[in-house]
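Step one of this worksheet: look at the structure below.
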Amino acid sequence: MSADKVAPPPPSPTPPPPSRPRPRPVEFSKGVNGLDKVVLRESRGSSAEVYLYGGQVTSWKNDHGELLFVSSKSIFKPPKAIRGGIPICFPQFSNHGSLEQHGFARNRVWSIDNDPAPLPTNSTSKACVDLIFKPSDDDLKIWPHSFEFRLRVALGPGGDLMLTSRIRNTDAKPFTFTFAYHTYFSVSDISEVRVEGLETLDYLDNLQNKERFTEQGDAITFESEVCSKFHLFLFSLL
Ligand SMILES: O=P(O)(O)OC[C@H]1O[C@@H](O)[C@H](O)[C@@H](O)[C@@H]1O
């Protein structure tokens with residue numbers, strides 16, 4: 001009996017190391033007190049959290065860590081607004097009108113907008129969510145104007161966060177409104193902070209009976225409490 005020489009099988013190639021699972025760009029989950037939230041994640045590690053309550057961004061993390069402040073005393077319980085992140089003030093900013101301070105959009109539960117109207121700028125971000133808020137019958141009793149407020153929150157590949165707000169008048173008559181992103185930034189050392197670009201603009205100083213002043217300096221710095229409201233009109237008509 002003769003045995004043919006059989007060449008040994010070639011060594012099997014070393015399997016590639018298991019790749020880290022890619023984070024899901026959009027995830028729906030429960031936040032504090034069971035409130036619905038959406039978590040956005042970018043493959044390079046940045047993330048953002050948006051609560052349907054108020055359509056409010058409560059966290060934004062990129063290479064620099066957490067960029068937003070949320071008060072540890074915030075109770076996350078309707079009808080109280082979440083104190084921190086990026087509250088949306090609409091249809092009234094501050095107390096410039098007859099509504100409660102900063103309007104009611106921040107105290108309402110927004111919905112996911114599954115069929116958002118396209119935006120003129122094409123965002124390539126997959127970590128993106130569209131929300132919508134329409135007034136209820138009770139809201140119409142305190143502010144008799146029907147509207148659709150669409151908010152897109154998108155996290156870019158570089159960890160940048162972009163909020164796009166669109167308000168459509170669905171009423172038969174025109175209305176006016178005031179609006180703000182009331183952003184709470186997390187600041188480790190307030191003495192290092194400078195806010196530039198406001199020179200020559202008018203502001204109301206809340207600490208001086210809302211008196212009107214014109215900003216003169218090239219930067220605002222913070223040596224003591226500051227509470228000023230600048231008049232900025234930056235918007236585009238679509
Ligand atoms: O306390 P609220 O209603 O959340 O408003 C937050 C802040 O809003 C600012 O516009 C006011 O000047 C502050 O006085 C106030 O603390």
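In listed order, ligands and their atoms are each counted from 1. Throughout, residue positions are numbered sequentially from 1 according to the sequence presented. FYI, side chains are in, hydrogens and waters are out, and symmetry mates aren't considered; it's all heavy atoms of this structure.
- Under the salt bridge (charged side-chain N to carboxylate O under 4.0 Å, His left out) criterion, no residue pair touches residues 220-231, with sequence neighbours excluded.
- The pair Asp36-Lys30 meets the salt-bridge criterion, with a side-chain N (NZ, NE, NH1 or NH2) lying under 4.0 Å from an Asp/Glu carboxylate O.
- Applying the ring-ring contact (aromatic ring centres under 6.0 Å, His included) criterion to Tyr184, with sequence neighbours excluded, gives His182.
- The aromatic ring centroids of Trp143 and Phe175 lie less than 6.0 Å from each other.
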Listing, residues 57-68 side-chain donor-acceptor contacts under 3.5 Å, not counting sequence neighbours, or none:
from  : atom 1 : to     : atom 2 : distance (Å)
Ser59 : OG     : Glu66  : OE1    : 2.7
Trp60 : NE1    : Gly159 : O      : 2.9
Asn62 : OD1    : His64  : N      : 2.9
Glu66 : OE2    : Trp60  : N      : 2.9
Glu66 : OE2    : Leu68  : N      : 3.0

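- Listed by chain and residue number, the protein contacts of ligand 1 are Arg83, Gln101, His102, Arg106, His182, Tyr184, Asn206, Cys227, Lys229 (heavy atom within 4.0 angstrom).
- Of the residues listed (Phe104, Phe133, Phe147), the one engaging Phe90 in a ring pair (Phe, Tyr, Trp, His ring centres under 6.0 Å) is Phe147, and it is the only one.
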